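Right, one structure below, let's go through it.
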Amino acid sequence: MRIKKEITISIPTVFKCLREKARYKVLYGGRGGGKSWAMAMTLLIMGTQKRLRILCTREMQNSIQDSVHKLLRDQINALNMESFYTVTKTQILGKNGTEFIFKGLLHDPAKIKSTEGVDICWVEEAEKISQQSWDFLIPTIRKTGSEIWVSFNPYLETDPTYKKFIKAPPPNCIVKKVNNYDNKHFPQELQEEMEYLREVDYDLYLHIWEGQCKTASDAQIFRDKFVIENFSINKVAKELKVQDLAFYYGLDWGFAQDPTAVLRCCVIGYDLYIDYEAGDTQVELDHTHKLIDKIPKAKDHTIRADCARPESISFVKRQGYKIVGVEKWGGSVEDGIEFIRSFRKVHIHSRCKEVANEFVKYSYKIDRVTGDILPIVIDANNHYIDALRYALAPMIKQKTNIMVIQRPNILG
């Protein structure tokens, strides 16, 4: 039985991996990427071409309404496959003997174990699957050439599914991260919700829409201290009646896989604004100017960089840039953090994605035994933040362990 000739089905390139041969096929990411839609469509098409037994499962399925039954039924209607598939309350049957069955892992382990001859097992909402369920399911899907398809939105890095398929994928496993920008049918309503969340809660935005694991915790150094938004710095200054707008430029040198990072910021009243960034890994010294030039008017201003690379500073200076080294002292990192946190709010322009990522991930160490947050800054996710500290260095002075903060443009 074939699908009607006049039907043309186009599946985005990112999902073409579903037609490749592999024991495991894993699609993960944020909401709106079309992962479940693509798996449902592909399975329905494959089911018309060959007799298949397809088990659709998840951790909890109290009723058929909890399954992907409705999603498959809707896809059958959208693809005009009603003449091929018969949809019942508990199954979907093809004229060639293809069969979709639906079972929950937590409450139906015995029924799943007795389900013989499964060609493809589709595990939906797999972020909720326990280690016990995986240990039970995988050896149950044992037919020669059988496959396990996995779709999920990540929750925690410690979840069994994330550890099994993302951190340490098994052999013969295809893994694809899929987000809304891979879905040409991503609706405008969700686009607006996504952009709103990006501005008001960037950490939650990364989790829901970019498919990153949740990271919010008291160990995050800049938690609740920053916002991601679109803004015009000149417009902000005009609205707040700031006459002399001063920009500050910072640069952190890259090393091996660490990026060379450049940014621009300014202080208006009690708020800090970061409106441009540039960076890349493995940047040769004689190409550093290409990054610097991505920041507006960088050649006209003083750029402050880590003093640990005097030869690099000297080289860039000979290229016509006003670059100086920033001296460091014991506790300079902590003093810089305290200074940045002293602002009422840090505004990060939405185009500064790397700065925003670091503000989310920059953290204190956590004691592995007690769970206590330690006063030790983890030396990671800090390249753009280091550049920010260098840019702000003239406003931070140390005097007998007392930090004196000098703020320009303080409003009365």
Side-chain angles (χ1 to χ4, degrees), residues 3 7-22 24-49 52 54-59 61 64-82 84-85 87 92 98 100 102 120-129 147-155 159 161-162 165-166 169 173-198 204-214 353:
I3 304 172
I7 299 175
T8 300
I9 300 173
S10 176
I11 296 179
T13 303
V14 70
F15 299 121
K16 296 296 177 64
C17 63
L18 295 175
R19 300 307 300 266
E20 298 175 17
K21 189 61 182 175
Y24 301 99
K25 298 173 184 177
V26 181
L27 299 182
Y28 78 107
R31 295 180 188 173
K35 301 179 293 296
S36 300
W37 167 85
M39 283 192 166
M41 177 183 286
T42 304
L43 287 171
L44 288 168
I45 295 171
M46 291 173 65
T48 68
Q49 299 166 343
L52 295 173
I54 300 168
L55 170 62
C56 303
T57 188
R58 60 179 62 208
E59 184 74 356
Q61 183 181 307
I64 199 69
Q65 284 74 28
D66 297 329
S67 71
V68 293
H69 182 277
K70 183 180 184 303
L71 173 61
L72 287 164
R73 184 185 67 203
D74 291 344
Q75 285 295 309
I76 289 171
N77 294 334
L79 297 172
N80 294 327
M81 292 181 174
E82 299 94 333
F84 182 85
Y85 284 110
V87 180
I92 296 176
T98 287
F100 287 81
F102 307 87
I120 299 175
C121 176
W122 177 15
V123 186
E124 170 69 335
E125 294 187 359
E127 71 274 11
K128 300 176 182 178
I129 304 296
E147 299 179 357
I148 297 175
W149 294 22
V150 182
S151 55
F152 71 106
N153 300 327
Y155 187 64
D159 288 339
T161 300
Y162 193 87
F165 295 108
I166 308 304
C173 180
I174 296 174
V175 180
K176 293 286 186 181
K177 188 173 186 180
V178 182
N179 283 319
N180 60 83
Y181 35 76
D182 296 303
N183 180 8
K184 64 180 181 180
H185 301 293
F186 188 64
Q188 181 62 31
E189 291 80 6
L190 293 185
Q191 181 75 31
E192 293 171 357
E193 289 186 15
M194 180 186 70
E195 292 176 354
Y196 171 76
L197 188 59
R198 181 172 57 189
L204 188 58
Y205 157 79
L206 290 177
H207 172 58
I208 292 178
W209 297 107
E210 294 286 344
Q212 293 193 16
C213 293
K214 285 186 71 66
K353 297 184 182 299

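Note that the coordinates shown come from a computational prediction; the quantities given were computed from them, not determined experimentally.
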Nearest non-hydrogen partners of S36 and S151, listed with the distance
OG-OG, 4.3 Å

Going from CD on E124 to CD on E59, what distance comes out if it is rounded to the nearest 0.5 angstrom?
13.5 Å

Supply the atom-to-atom distance I54 CD1 to F100 CZ, rounded to the nearest 0.5 angstrom.
3.5 Å

Results of salt bridge (charged side-chain N to carboxylate O under 4.0 Å, His left out) for K25 - residues two or more places apart only:
E147

Taking C-beta and beyond as the side chain, do I76 and M81 meet within less than 4.5 Å on heavy atoms?
yes

Counting N and O atoms only, with roles assigned by atom type, does the side chain of T161 sit under 3.5 Å from a partner on the main chain of A126, one being a donor and the other an acceptor?
yes

Check: N183 side chain, G32 main-chain N or O, donor-acceptor pair, under 3.5 Å:
yes

Is T98 reaching over with its side chain to a backbone N or O of L52, donor-acceptor style, under 3.5 angstrom?
yes

Main-chain N/O of D74 paired to N77 side chain as donor or acceptor, under 3.5 Å:
no

Grab the two heavy atoms, one from G33 and one from F15, that are nearest each other, plus how far apart they are.
O-CZ, 3.5 Å

Any side-chain heavy-atom pair of E125 and E127 under 4.5 Å
yes

Flag if over 12 foreign heavy atoms under 6.0 Å of CZ, R31:
no

Is H207 reaching over with its side chain to a backbone N or O of C213, donor-acceptor style, under 3.5 angstrom?
no

W122 versus M39: any side-chain heavy-atom pair under 4.5 Å?
yes

Compare all side-chain heavy atoms of I208 with those of E193 and state whether any distance is below 4.5 angstrom.
no

Surrounding OH of Y181 (heavy atoms of other residues, nucleotides or ligands, distance under 6.0 Å), is the total greater than 12?
yes

Close side-chain approach of R58 and V68, heavy atoms under 4.5 Å
yes

For the student: nearest non-hydrogen atoms of A38 and L18, plus distance:
O-CD1, 3.9 Å

Heavy-atom side-chain contact between N80 and E82 under 4.5 Å
yes

Should C56 and W149 count as side-chain neighbours, where that means a heavy-atom distance under 4.5 Å?
no

Can you name the closest pair of heavy atoms from C17 and K176 and give their distance?
SG-CG, 3.7 Å

Say you draw a straight line from CG of N153 to OH of Y162; how long is it, rounded to the nearest 0.5 Å?
12.5 Å

Would you check if the side chain of N179 reaches a backbone N or O of E210 as a donor-acceptor pair within less than 3.5 Å?
yes

Any donor-acceptor N/O pair, Y85 side chain to L44 backbone, under 3.5 Å
yes

Tested for ring-ring contact (aromatic ring centres under 6.0 Å, His included) against Y28, the lone hit among Y155, F165, F152 is F152

V26 to C173 - nearest heavy-atom pair and separation:
CG2-SG, 3.9 Å

Residue pair I92 / R73: nearest heavy atoms and the distance that separates them
CD1-N, 4.4 Å

Could you measure the distance from the CD atom of E189 to the CE atom of M194? Nearest 0.5 Å is fine.
13.0 Å

Taking the side chain as every heavy atom from C-beta outward, state whether Q191 and W209 have any pair of such atoms under 4.5 Å apart.
no

Within the side chain of K177, is there an N or O that forms a donor-acceptor pair under 3.5 Å with the backbone of G30?
no

Using a 6.0 Å cut-off, check whether atom NZ of K16 has over 12 heavy atoms from anything other than its own residue.
yes

